[in-house]
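Before any comments, here is the structure.
The chains referred to below are lettered A, B, ... by the order of the sequence lines, with proteins before strands, and numbering in each begins at 1. Predicted, not measured: the structure shown is a model, and the values here were computed from it.
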Amino acid sequence: MIITIDPTTLSSHFESKDAEESWGQRWREWGTHRFDEGGRGPTYVIDTPPPTVSGSLHVGHVFSYTQTDVLARYQRMRGKNVFYPMGWDDNGLPTERRVQNYYHVRCEAHAPYEPGLEVAMADDAGRKRPPRRVSRANFIELCLALTAEDEKAFKTLWQRLGLSVDWALEYSTISEASRRAAQWSFLDLHRKGQVYQVEAPTLWDVDFRTAVAQAEVEDRPQKGAFHHVRFGVEGGGSFVIATTRPELLPACVGVAAHPEDERYRALFGKRAVTPLFRAPVPIFASELVDREKGTGILMVCTFGDATDVQWWRERGLALRQVVGRDGHLVHVEFGGTSFPSLDPTRAKAAYAHLAGKTVREAQKAVVDLLRDPSGCPTGEGLAPLVAEPQPIEHPVKFFEKGDRPLEFVTTRQWFVKVLEHKQALVEAGDRVAWHPDFMRLRFRNWTENLNLDWCISRQRYFGVPFPVWYRVGADGATDFSSPILADEASLPVDPMTAVPPGYAEAQRAHPGGFTGEADIFDTWFTSSLTPQIATGWTRSPERHRRLFPMDVRPQSHEIIRTWAFYTIAKAWLHEGQIPWRNVAISGWVLDPDRKKMSKSKGNVVTPMHLLDQYGADAVRYWSLAARLGTDTAFDEKVFAVGRRLVMKVWNAAKYALSQEAADGPVSHPLDLSFLTRLRETVEKATAAFEDLDYAGALDSVERFFWSGYTDNYLEMVKARARSEEDPAGRSSAVAAVQQGLSVILRLLAPYIPYVTEEVWSWGFARTTGAPSIHRAPWPSAADFAGAPGGAEAGSAFDAACAFLEAVRKAKSASGATVGRQLAKLRVATSPPTHARLTPCMADLVSAARADGEVLEPREGMEDGAFEVMEIVLAEKPPRTAGA
RNA sequence: AGGCGCGUGGCUCAGUGGUAGAGCGCUUCCUUGACACGGAAGAGGUCGGUGGUUCAAUUCCACCCGCGCCUACCA
C-alpha cells in the first residue's frame, strides 16, 4: 500500500527534544515496553545492572546502559516478551559516605531513635561543627531519603535516553523484597552448610572499621623502607632481619628462613630474642621464604601480611594483636603470658612509646627507639637498627574505597564457602557465553586464584542485617556458637529491633537473654541476587522458574571478580544453576587522554547537555557504534555523526513517503535487485544481533542505508517514481522505496528509537497495524516475499551503483556537478553487465542526467567495471532569479 | 612476573589467506525538486618488527617491541 503524507511535513524539521518528550509519554501510555506477566510466548530476560545511585551520573552510564537497551529493543521486535527491569543499588558504603557528607552526620549504633528527626543539608558553617550523632534507624531514614532523590535523577536520564525499561519492574537493593531475598539466601546457605562464622585474622579497613572481602582489595604502589634490625639468639649470637613494618616488632611471634639457607641453618629450633621487647620467639624453616629478599631471614608478626597469617595458622604461633580496629596500637601489657618478655621493664617502657599511636606514628617512634643502643638484644651496646632505612616502593593492599592500607585484625566474621567450590564455579562460568569470549578468562583466572572464602559481614549501618541473634549466657557473655536464626516467614527482620522466637524485648542484652547480630551483609551479598530479586524468587517460585536462568547479564569488566563471580556462586550454591546464559561485557569510556572516566579523577563528562545539544538518538548512536568489551575514547564528533544519521533518516523518509503512485507490486528488475541486497543486509544484521554484536549490525545497516539507499537507489528511481508514461514502473519504484524505508526504519529502530518512531507514525503505523515501530516485527523473509534470493539477483543493483559512481567521477573530473545535464554520454562495460543493466537503462539514463542509450558492451572488460568513453556537458541553463 | 587484549591513512576504529575499508579531519567543487543539521569528487596507508607455513600473509604460527587491562607480588 502506497503511503502519501501531508505535504506540510515536507517543510518540517526534526526537533529531538519534542520527540523525546512526546514519544516517551506515548510509550508509557501504550505500555510499549511492558513485560507481559501472563504472556505465553518466549521471554527474553535481562539482569540489568543496578547503578550505584550515590555515584555521579556521567557518560559512562549512558554508554553501557544504551548497549543493553538496544538488545532489549531488538528482542522485543523479534516478538519476545522482554523482561527488562531497573534496579537501584542504594545500600552500602557509597550511600553512607554521601549521607555523612550531605547532612554532616555520623551514625551512632547505640544512640536512641528520634522519631520525626529532620536534618537539613549541611552548609559550610555547619560542616565546621562536629557532626551530629544519629541513631542507626535515623541514619537509615536519611539514607533512604537521599537515595530516593538520586534515583529520580537517574530515572529522568534513563527515560530521556529512551531506555525501554519496564518501570513496573523497578526495584532497589535496600527494598523490603531485596532484604528478604538476601536474608532468605543467608538462611538457605546456612541450611546447606555453606556459611560459617569464625574468629580469625581478617582483612580490615581501619577507617571504615569494617572487614572487607578479597574481591574488594586492590594493590597500590606505596613508598616504604626496608629496616635492617638486629635480633638476638637465646644462648648467644645474633642476626639481622629486614622489615618494612618495624612498628609490628611488638607483635613478632616468630622468625623464619629458608630451610636450605646455610647462613641460618644453625638457628632453626632455637629461640630468637626481639630487640626492645626482648620477647623470645621460635626460629623455624619455611619454603615460603625468599632467600634473595632482604637478608633472607624475616620476622613473623600477627599480622603483617597474608603469609604471616598462614604461618600463624600452620605453626600454631602465638597471637599478639597490637593494631586495633581503629588503626591505632592498642594498650598491651608486656611481661605476662600474652606478651612475654625476658626484660618486662624495658619492654613496657618501649611499648609506652607506641601505645595509642597510629601505625604510621608508631613506625617513626619505633625506629627512634631502635637507633638507641640500649635497645640492643645482645647487650653489646650496638643500636638494633644496623643501617639507615632503605627506601623502596612496594605494592600494598588497600580496600578499593579506602585511603589507608588494610590490616589483618582478628575479629569474628561470617563467610560463605567458595574455596572448596572453585572447580565447580570455574565450570559454571564456562557454561556461560561471554561476549566477547576472552572475558571468560578473567573470570576463570580470578576464580582459580581465590585464596580466601567470601567474607560477607560488614561492621556498617546502611545495609541488610543478618537475620541472626545470639544467646547471652548467665555470665553475660555472648554465645556465638549456636546462633538463633530468624524464621523464613518473618523476613525481612532487623535483629536489633526484632526479638527472636521465645524471647521478650526486655531480655535484650541481659544475662540469660539474647543479643542481635549488629553486622550487615556485604552489599555484594545482596547484589549477587539481582536475578533472584527481579524474578521474585522468594514470593513466586513459579515466576522465578519461568524467568531463571536469565538470558543476559550486561556489566563492565572490572566487576567480573565481584558481581559476576558472586552471582554465579549464588546461583550455583542455591540451585546448582548458572544465573544467565550470556554475559555482555561493556567497555569503558575513556577521556581523550585515554584515562578511564571516574569521579575521583575529576574527568567525568555529564550527559545532559549532550542530550540537549545532539538529541538522545545521536547520543545513543555514539554508544552503539562501540563494540562490546571495547573501551571508547570520548569524542564529541561521533555525536555529530549520529545527528547526521538521524537527519538523513528524517529527510529520506520525507522523500519516500511523499511519492504518489497507484498501488502495485514491486516488479521492476532494478527494484527487485535492490530488495535482494536489502534482504542480505537484514540477514547480516540479524545474525550479528543474535551474537549480541549490535555494533556490527549497525555497521551493516548504516552502510546500506547511506550508500545503497540514499546515495544510489533513491537517485536511480527518482524519475521513474514520478513518471507519467510508465505507471507500472512508477508503482514498482514507489512501493520499493517505501518498502525499503519500512525495513531500514525497523533495522534502525533499536538504535535511534525516537526519529524512527516519528517517521513510522507518518504512515506505517496505520498500514501495518503496529502503532509503535518498537512493537513492529523485526524485518525477516516475510518482508521480501516478492524479491528473488541468491547472489546473482542483487548484481544488477550493484552494477547500477557502480555505473552511477563512474558517471559521477567523470562529471566531477569535467568540472561539473552531479545534477548537470549531459549532452552526450557513452560508457563501456562487459557484455554480461550490459545485459544485466539493459532493463534498467531508463533509470540509469535519468540518474546520469543524460539522453538515449548510454551503455555499450565491450569484450574483455571485467564484469561490473565501467569506463566512461565520452562525456559532453550540456550548456548551463541560464540562472533564474529568486525562488 | 604470569594471563588477556590491542598495535591498520593526521585522528577514531572496522575488516580479510588472493587489488586495503569507513567516519572525522584535509583539498577542490556544488544551494540540484528529501536533505547546507546537506551533497559530489579527490589526496592520504610497505596493515608495529623479524622469522616461518603457503603458489599467495595485513590476515595463520613463533619470537620480539610498544601500549592497555586483569591477576600475583607488604618479609
Side-chain angles (χ1 to χ4, degrees), chain A residues 9-11 13-14 16 218-222 224 226-227 241-245 248 255-257 288-290 293-301 303-308 311 392 394-397 405-406 408 436 438-446 448-449 451 557-558 560-561 587-588 590 592 594-596 614-615 618 625-627 629-638 640-641 643-659 695-696 699 702-703 706-707 710-711 714-715 718 722 737 805 808-821 849 883:
Chain A
T9 308
L10 283 179
S11 55
H13 284 273
F14 181 62
S16 43
E218 64 184 26
D219 285 347
R220 295 182 200 161
Q222 292 287 303
F226 260 132
H227 299 76
I241 60 109
T243 180
T244 56
R245 301 208 57 186
L248 291 180
V255 165
L288 296 175
V289 178
D290 180 350
K293 206 159 182 176
T295 55
I297 189 163
L298 57 87
M299 68 169 181
V300 180
C301 306
F303 299 93
D305 63 20
T307 327
D308 283 348
W311 279 318
I392 55 161
H394 61 160
V396 175
K397 285 191 194 309
L406 288 168
F408 281 92
F438 66 80
M439 288 292 180
R440 77 172 60 246
L441 291 172
R442 297 245 182 132
F443 176 85
R444 192 185 301 169
N445 194 290
W446 171 257
E448 283 174 348
N449 289 309
N451 51 40
H557 46 76
E558 83 274 18
I560 288 175
R561 68 177 186 171
W588 285 340
L590 309 174
R594 318 241 95 215
K595 294 273 180 295
K596 190 201 173 191
Y614 297 99
R627 313 181 104 72
T630 306
D631 297 344
T632 291
F634 180 77
D635 180 4
E636 267 197 64
K637 283 174 187 150
V638 184
V641 176
R643 180 76 185 154
R644 232 160 48 95
L645 174 65
V646 168
M647 300 317 300
K648 195 72 173 180
V649 166
W650 174 270
N651 286 312
K654 272 199 322 199
Y655 168 77
L657 297 180
S658 61
Q659 302 305 300
D699 189 65
E702 204 186 355
R703 196 182 297 273
W706 281 105
S707 94
T710 65
D711 291 355
L714 292 185
E715 295 304 325
K718 251 177 194 169
R722 53 174 182 265
V737 161
E805 213 169 293
R808 279 196 295 252
K809 212 173 275 192
K811 275 190 176 175
S812 186
S814 315
T817 63
V818 205
R820 181 74 170 271
Q821 285 295 326
R849 303 278 203 280

When we call it a touch if two heavy atoms are under 4.0 Å apart, what does [X] touch: a base, just sugar-phosphate, or nothing?
X	answer
A:Trp311	nothing
A:Trp446	sugar-phosphate
A:Gln659	nothing
A:Thr710	base
A:Asp308	nothing
A:Phe14	nothing
A:Arg643	base
A:Arg722	base
A:Val300	nothing

Notebook entry, point to check: Does any N or O in the side chain of A:Asn445 come within less than 3.5 Å of the main-chain N or O of A:Leu441, such that one atom is a donor and the other an acceptor?
Noted result: no

Can you tell if the side chain of [X] reaches within under 4.5 Å of the side chain of [Y], non-hydrogen atoms only?
X	Y	value
A:Thr243	A:His227	yes
A:Arg627	A:Pro436	no
A:Asp631	A:His557	yes
A:Arg644	A:Trp706	yes

With rounding to whole Å, what would you report as the distance between [N] and [M] at their [atom1] atoms?
N	M	atom1	answer
B:C26	B:C63	C1'	40 Å
B:G44	B:G51	C1'	31 Å
B:A14	B:G21	C1'	7 Å
B:A36	B:C47	P	41 Å
B:C61	B:C67	P	24 Å
B:C64	B:C70	C1'	23 Å
B:G66	B:U50	C1'	15 Å
B:A62	B:A22	C1'	33 Å

At less than 4.0 Å, is any side-chain N or O atom of [X] found next to OP1 or OP2 of [N]? Yes or no.
X	N	answer
A:Arg561	B:U71	yes
A:Lys397	B:C73	yes
A:Lys293	B:C73	no
A:Arg220	B:C74	no
A:Arg440	B:C70	no
A:Lys811	B:C30	no

Atom-pair distance ([atom1] on [X]; [atom2] on [N]), nearest Å:
X	N	atom1	atom2	result
A:Asp305	B:C74	CG	C1'	6 Å
A:Asn451	B:C73	CG	P	7 Å
A:His557	B:C70	NE2	P	8 Å
A:Arg644	B:C35	CZ	P	16 Å
A:Glu218	B:C73	CD	C1'	15 Å
A:Met647	B:A36	CE	C1'	11 Å
A:Glu448	B:G3	CD	P	13 Å
A:Arg442	B:C69	CZ	P	10 Å

Heavy atoms from C-beta onward define the side chain here; which of [options] lies closest to that of [X]?
X	options	value
A:Phe438	B:C70, B:C4, B:A34	B:C4
A:Asp219	B:C35, B:C74, B:C73	B:C73
A:Trp588	B:C30, B:C69, B:A14	B:C69
A:Arg703	B:G21, B:C24, B:A34	B:G21
A:Asn449	B:A14, B:C74, B:U71	B:U71

Note to self: Determine whether A:Trp311 and A:Val289 satisfy the following criterion, side-chain contact (heavy atoms from CB on, under 4.5 Å), listing intermediate values before the conclusion.
What the structure shows: CA-CA 11 Å; A:Trp311 279 318; A:Val289 178; 3.9 Å; yes

Notebook entry, point to check: For the side chain of A:Asn445 and the base of B:C70, is some donor closer than 3.5 Å to an acceptor across the two?
Noted result: no

Note to self: Check whether A:Phe14 forms a cation-pi arrangement with A:Lys654 (NZ or CZ under 6.0 Å from the six-membered ring centre, at most 45° off the ring normal).
What the structure shows: no

Checklist line | Stem segments of RNA chain B by first residue number [Watson-Crick or G-U, under 3.5 Å, at least 3] | finding: B:1-7 with B:65-71, B:10-13 with B:21-24, B:26-30 with B:38-42, B:48-52 with B:60-64

Which atom names give the shortest non-hydrogen contact between [X] and [Y], and what distance separates them?
X	Y	answer
A:Leu645	A:Glu702	CD1-CG, 4.3 Å
A:Phe408	A:Asp305	CE1-C, 3.6 Å
A:Leu248	A:Cys301	O-SG, 3.6 Å
A:Met299	A:Ile241	CG-CD1, 4.0 Å
A:Lys648	A:Thr710	CE-OG1, 3.6 Å

Next item on the list: For A:Gly815 and for A:Leu406, find the nucleotide of RNA chain B with the closest heavy atom, then tell me which residue's nucleotide is more 5'.
Entry: A:Gly815

Notebook entry, point to check: Want to settle it: does A:Thr817 or A:Thr630 sit nearer the 5' end of RNA chain B, counting the closest nucleotide to each?
Noted result: A:Thr630

Next item on the list: Kindly state whether the ring of A:His13 and the ring of A:Trp650 have centres lying under 6.0 angstrom apart.
Entry: no

Under 3.5 Å between N/O atoms: give me all the protein pairs with nucleotides 41-43 of chain B, atom names plus distance.
| residue | atom | partner | partner atom | Å |
| --- | --- | --- | --- | --- |
| B:A41 | OP1 | A:Arg808 | NE | 3.4 |
| B:A41 | O4' | A:Ser812 | OG | 3.3 |
| B:A41 | O2' | A:Ser812 | OG | 3.3 |
| B:G42 | OP1 | A:Lys809 | NZ | 3.4 |

